[in-house]
Amino acid sequence: MAAALPPRRRPARGPAPRAPAAPPRASSTQAAGRAVGFACFPPLCEVEAGGPHAPRVRRSPAVRRRPPGPEARGGRVARRGRARADGRAAAEPLTRSRGAGRRSARCPVGRTGSASRSGSCRASSVPSLNEVPLHYLKPNSFVKFRCMIQDMFDPEFYMGVYETVNQNTKARVLHFGKYRDVAECGPQQEVDLNSPRTTTLERQTFYCVPVPGESSWVKEAYVNTNQARVSPSTSYTPSRHKRSYEDDEDMDHHPHKQKDQHAGAGQAGRNIGGLQWCGEPKRLETEASAGQQLNSLNLSSPFDLNFPLPGEKGPACLVKVYEDWDCFKVNDVLELYGILSVDPVLSILNNDERDASSVLDPMECSDTAEEQRVRSPPASLVPRIHVVLAQKLQHINPLLPACLKQEESKACKFVSSFMSELSPVRAELLGFLTHALLGDSLAAEYLILHLISTVYTRRDVLPLGKFTVNLSGCPRNSTYTEHLYRIIQHLVPASFRLQMTIENMNQLKLIPHKDYTANRLVSGLLQLPSNTSLVIDETLLEQGQLDTSGVHNVTALSNLITWQKVDYDFSYHQMEFPCNINVLITSEGRSLLPADCQIHLQPQLIPPNMEEYMDSLLSTVLPSVLNKFRIYLTLLRLLDYSISDEVTKAVEDDFVEMRKNDPQSITADDLHQLLIVARFLSLSAGQTTLSRERWLRAKQLESLRRTRLQQQKCVNGNEL
């Protein structure tokens, strides 16, 4: 049985100052939200915490503003609800500190942190929200979810321990409130909010979406490795009694009885506040059309799941984390294990809250309708997950163990076994990419270096390890770049192709921005997880006029390439978010965007039908060989690399000699470029330290690339 109180409205925070002394600060990791907590527990006082937000106290209408007392410290206030005879809530100081509350919330089942996914049969038997439709899963079942943190809300308060009282026998039962959204009450029971045994705890809420740009082969591999097979369960309640055949027949002959039952269910929902409701709600099905859901919630527009990339599929989830949430940040990729919550009561309460908001004094209500919709979406569209275990993923390649940097015997054996056959894999991959680049083996060498590049550290604001390649000389107004991107999609776990046209630059939203009306972070195309391959296609770019939005988008792309950061727009200021995105630019001439390396394509063959040529190229590669390519490119990104003192001295002497021979053309930037090429050239051969041989090979490749650019410049008579 379920019982709940409707969430209380927050009072208005007062009119905004006309001329603030300083612009309000906002945080991408703390998009302001309201504390829902337990649906049966009126959130008497909610406080925004963490991040660069200014501390801000929010109270429900039942709590009047008063001078801060000893319970308010550091911008945080914690209070416990106490029911009064008139049904409203009073407040009293809660002596439990935030640290004590968090200690009390520790999970006996598992901790939030890093854990190994490899070799775990139990993990593979857990149904995944990424593969299993939501209506196949039972409420309160144990599930997993592979996702990216798109937004972070405020910590919310909930009843970790609460007591129910039987109205007839006055018997008291103590309940554990963790991993739940709605209090469980038996027949004739109600929650005693006056009980001294009630404990208020804290949890954090993340808004998570499926990994943007995840390749189809990654999804298929996860489906094949997942052992969970779930049958549809469109209606499930723990104590639900099956209706007899006579009841079904009676419903057919007397449909008005069915209507009366539905009306009774609605009345039950309206009586939730009085704790008299004992009905079992039938579970909402995700197969119900979005339009029906929106009509029931009195929404004027479809609910936006806020996916960063267009065309993305999969559920978005509100994730409740109970401990150690400070170690996660926006854009982190996580694998979560937790309790699925899709209780229909959540939708009923949200509907009641919106109905009640129309009669509340506007000064007593701080949430707009948009903010209500974002913070409390229908559970059938955005399910809740109460996290038991959360681990940050180093990668999303299902062909590799999850944690390669941990000292685990299986992971070490896997790495050593694959490294022993690295040379033939590299040779096959080089041949495959040479065919994809129309016979250009030099461009294939640089494409391999690009695909294994990654930002390994930062010196002040300079990201070290980025290797953006501009592949110039691509045929204009042809489908070649589209097919080349399809080849890359078959090799990397996550990717996205951005067609750089005047129209797209002027209209697309590349930069995430803060929506203060809905109080959320609205995603943009550049809100991508680490190690995503971004292919920017300039071959479709024509002459035209960029408006203000287009100029901002081009600037954002330039900052992404140069500094590996995206400046999120918070209206009053910009906030830098570091990223690690591999950018490949395809263009006819030299790109308008900055690049670390330009390689001009020299096709050795021109197939009459590009689509048939690329299809035959993919079909000739065995699936096992293709999987080796995928392991190769992911594994080499995670290897450590170093340069010995002896080789460092040799490189310095060599550079001094190069400067003597050609002081005009050899600069410090050229040395940096050579070191980057040598680094990834060594890693591509499975060597974690620089050798003299690899240094000379890097100089040779750079010499060939520069010579080709000079030859092309002489042919065309313009700068490349």
Side-chain angles (χ1 to χ4, degrees), residues 26-38 43 46-53 55-56 58 74-78 96-115 129 143-160 177-181 199-209 211 306 316-341 374-376 382-394 403 519-521 527 529-530 568 575 577-578:
S27 168
S28 62
T29 59
Q30 297 278 337
R34 65 182 176 85
V36 177
F38 247 62
E46 305 158 290
V47 182
E48 190 162 29
H53 278 295
R56 187 172 62 193
R58 303 192 296 242
R76 297 194 55 83
V77 179
R96 181 181 301 279
S97 66
R98 182 181 183 184
R102 189 176 298 181
R103 284 193 297 270
S104 301
R106 294 202 179 276
C107 169
V109 182
R111 285 185 54 85
T112 303
S114 61
L129 284 178
V143 298
K144 61 183 177 182
F145 185 41
R146 187 177 64 260
C147 58
M148 183 192 79
I149 301 177
Q150 191 277 324
D151 196 1
M152 288 184 173
F153 299 159
D154 291 337
E156 65 182 26
F157 298 121
Y158 73 100
M159 289 197 304
K178 202 174 183 181
Y179 309 125
R180 293 184 180 276
D181 287 300
T199 303
T200 304
L201 300 179
E202 188 181 32
R203 61 191 178 193
Q204 175 64 283
T205 302
F206 299 157
Y207 185 84
C208 296
V209 298
V211 180
N306 211 14
C317 294
L318 285 178
V319 174
K320 313 284 187 176
V321 182
Y322 289 84
E323 59 180 24
D324 298 338
W325 55 74
D326 293 335
C327 62
F328 301 126
K329 60 183 183 298
V330 168
N331 301 335
D332 279 349
V333 177
L334 310 178
E335 186 170 55
L336 308 171
Y337 293 82
I339 309 301
L340 176 66
S341 175
V374 170
R375 295 297 182 266
S376 303
V382 183
R384 281 67 163 165
I385 298 180
H386 296 266
V387 175
V388 175
L389 175 67
Q391 55 180 343
K392 188 184 301 184
L393 297 182
Q394 291 178 310
C403 299
N519 214 354
R520 70 168 178 173
L521 181 67
Q527 189 176 7
S530 294
Y568 288 18
M575 181 172 293
F577 276 71

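Please read these numbers as outputs of a predicted model, since none were measured by experiment.
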Handout entry: Nearest heavy atoms of L336 and A390, plus distance in Å
Key = CD2-CB, 3.5 Å

Completion exercise
When every non-hydrogen atom of C327 is compared with those of K392, the smallest separation belongs to O-NZ, 3.1 Å

Problem - Validation row: H386, D181 side chains within 4.5 angstrom (heavy atoms) - result: yes

Problem - CD-CD distance between E156 and Q204, expressed to the nearest 0.5 angstrom - result: 8.5 Å

Problem - For the student: nearest non-hydrogen atoms of R203 and W325, plus distance - result: CA-CZ3, 3.9 Å

Practice task
Would you give the length of the straight line joining atom SG of C208 to atom CZ of F145, rounded to the nearest 0.5 angstrom?
Solution key: 6.5 Å

Completion exercise
One should read off an interatomic distance between L389 CG and K144 NZ, to the nearest 0.5 angstrom, of 11.5 Å

Handout entry: Of I149, L393, V319, the residue whose pairing with L334 passes side-chain contact (heavy atoms from CB on, under 4.5 Å)
Key = I149

Completion exercise
d(N519 CG, F153 CZ) to nearest 0.5 Å is 8.5 Å

Fill in the blank from the handout: All heavy atoms of D151 vs all of L521, minimum pair found to be OD2-N, 3.0 Å

Problem - Close side-chain approach of Q527 to Y568, heavy-atom, < 4.5 Å - result: yes

Handout entry: Minimum heavy-atom distance between V333 and P529, given as atom pair plus value
Key = CG2-CB, 3.4 Å

Exercise for the section: Verify, without hydrogens or angle tests, whether K178 (side chain) and Y322 (backbone) share a donor-acceptor contact under 3.5 angstrom. Expected result: no

Exercise for the section: Write down the atom of G160, the atom of L201, and the distance for their closest heavy-atom approach. Expected result: CA-CD1, 3.7 Å

Handout entry: Rounded distance (nearest 0.5 Å) linking atom CD1 of I385 with atom CG of L129
Key = 4.5 Å

Problem - Derivation of the side chain to side chain contact (heavy atoms under 4.5 Å, CB included) call for K320 and Y179 - result: CA-CA 8 Å; K320 313 284 187 176; Y179 309 125; over 6 Å; no

Practice task
Using modelled atom types only, decide if a donor and an acceptor are shared between the side chain of E202 and the backbone of P155 within a distance under 3.5 Å.
Solution key: no

Problem - Test: R520 cationic atom under 6.0 Å from Y207 six-membered ring centre, within 45° of axis - result: no

